[in-house]
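Throughout, residue positions are numbered sequentially from 1 according to the sequence presented.
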Amino acid sequence: MSQRLQPIFFFLSALVLALLFFLPFASFYGDFHTFDLFGHGITSPDVWEEGVSPFKMTFSLPILILTVTAMILSGYLAMGLFRAVKLAQFQKLLKIARINIIVMVVCIAAYLGYSYFIIPKMAQTVDPTIQSPIFRAGVAFPLVALLLTIFATSGLKKDIKKVRSTDRIR
């Protein structure tokens with residue numbers, strides 16, 4: 001039924017969020033150490049002695065969970081729109097799209113919270129010269145994904161109106 005751009009927007013949203021696993025959101029430079037914030041966590045190209053790095057996998061688990069959840073929801077919405085025909089299916093997808101928007105806003109807040117408050121504070125225990133974050137190319141990806149999801153959700157609302165009008169005719 002939906003032959004508009006909504007599935008493409010949802011798919012692009014998932015794809016843009018997947019790029020966060022390859023391009024850094026922010027970098028933190030100090031005199032002795034460097035840290036990068038990705039979608040899967042915090043990495044450092046430095047050679048660490050056993051147990052010295054302040055960032056473990058569980059430390060960045062909230063960012064990983066939020067990013068993967070937003071990607072999965074966007075992918076599900078893209079696939080679900082191709083099969084949706086009935087009004088109830090569209091309404092279910094609209095609820096999931098609204099949940100996806102909330103997850104993406106929380107994800108953006110988590111990225112910014114980690115960048116400004118958590119990572120600099122923890123990194124200064126290892127390298128006191130680390131200052132504020134330097135945002136990289138990945139900083140735009142969560143915002144672009146959110147905008148694509150909002151555009152697709154508004155188009156989904158139009159599809160619901162269209163399905164309701166055809167149901168009245170029957």
Side-chain angles (χ1 to χ4, degrees), residues 1-29 33-46 48 53-84 89-120 122-123 130 132-160:
M1 176 73 186
S2 176
Q3 296 182 7
R4 295 165 44 142
L5 294 177
Q6 290 89 338
I8 295 170
F9 283 162
F10 282 126
F11 177 74
L12 287 176
S13 174
L15 189 66
V16 166
L17 286 172
L19 287 175
L20 279 170
F21 287 96
F22 303 106
L23 296 172
F25 182 83
S27 294
F28 304 87
Y29 297 107
H33 298 291
T34 302
F35 299 102
D36 292 320
L37 176 61
F38 286 90
H40 56 80
I42 299 141
T43 62
S44 177
D46 302 332
W48 293 92
S53 175
F55 303 112
K56 305 290 184 217
M57 180 61 186
T58 55
F59 174 76
S60 55
L61 199 57
I63 284 182
L64 176 66
I65 290 172
L66 286 169
T67 305
V68 169
T69 302
M71 282 176 21
I72 289 173
L73 286 175
S74 292
Y76 176 78
L77 288 165
M79 296 304 241
L81 277 173
F82 280 115
R83 297 173 44 179
Q89 293 170 328
F90 279 107
Q91 289 174 336
K92 177 185 171 189
L93 290 174
L94 182 63
K95 288 178 186 177
I96 294 172
R98 288 179 177 159
I99 291 170
N100 192 21
I101 289 173
I102 292 169
V103 168
M104 285 186 182
V105 168
V106 171
C107 185
I108 291 170
Y111 274 109
L112 292 176
Y114 268 70
S115 295
Y116 279 115
F117 303 112
I118 298 172
I119 295 174
M122 296 219 27
I130 289 182
S132 61
I134 297 171
F135 291 105
R136 307 288 294 271
V139 75
F141 293 157
L143 297 173
V144 169
L146 180 63
L147 286 175
L148 287 168
T149 303
I150 289 172
F151 291 150
T153 303
S154 68
L156 185 57
K157 289 178 189 177
K158 292 177 186 175
D159 281 349
I160 288 175

Nearest non-hydrogen partners of [X] and [Y], listed with the distance:
{"X": "Ala26", "Y": "Ser115", "value": "CB-OG, 4.0 Å"}
{"X": "Thr67", "Y": "Cys107", "value": "OG1-SG, 3.8 Å"}
{"X": "Ile65", "Y": "Thr69", "value": "O-OG1, 2.6 Å"}
{"X": "Leu156", "Y": "Ala97", "value": "CD2-CB, 4.4 Å"}
{"X": "Leu93", "Y": "Leu77", "value": "O-CD2, 3.3 Å"}
{"X": "Gly138", "Y": "Pro142", "value": "O-CD, 3.2 Å"}

Q: Test ring pair (Phe, Tyr, Trp, His ring centres under 6.0 Å) on Phe28 and Tyr114 and set out the steps.
A: CA-CA 11 Å; Phe28 304 87; Tyr114 268 70; over 10 Å; no
**Q.** Ile150: side-chain contact (heavy atoms from CB on, under 4.5 Å) partners, not counting sequence neighbours
**A.** Ile101, Leu146
Q. Is it true that a side-chain atom of Ser13 and a backbone atom of Phe9 form a donor plus acceptor pair closer than 3.5 Å?
A. no
(Q) Quick check against the 3.5 Å criterion: does Ser74 have a side-chain atom that pairs as donor or acceptor with the backbone of Met71? (A) no
**Q.** Residues forming a side chain to side chain donor-acceptor pair (under 3.5 Å) with Ser27, sequence neighbours excluded
**A.** Asp36, Arg136
What residues, two or more places apart in sequence or in another chain, satisfy ring-ring contact (aromatic ring centres under 6.0 Å, His included) together with [X]?
{"X": "Phe141", "value": "none"}
{"X": "Phe21", "value": "none"}
{"X": "Tyr111", "value": "Phe25"}
{"X": "Phe11", "value": "none"}

(Q) Once rounded to the nearest 0.5 Å, what's the spacing between atom CZ of Arg98 and atom OG1 of Thr153? (A) 8.5 Å
Q) Could you give the distance from CG (Leu148) to CG (Leu15), rounded to the nearest 0.5 Å? A) 10.0 Å
Q: Just say parallel, tilted or perpendicular for the rings of Phe38 and His40, cut-offs at 30° and 60°.
A: parallel
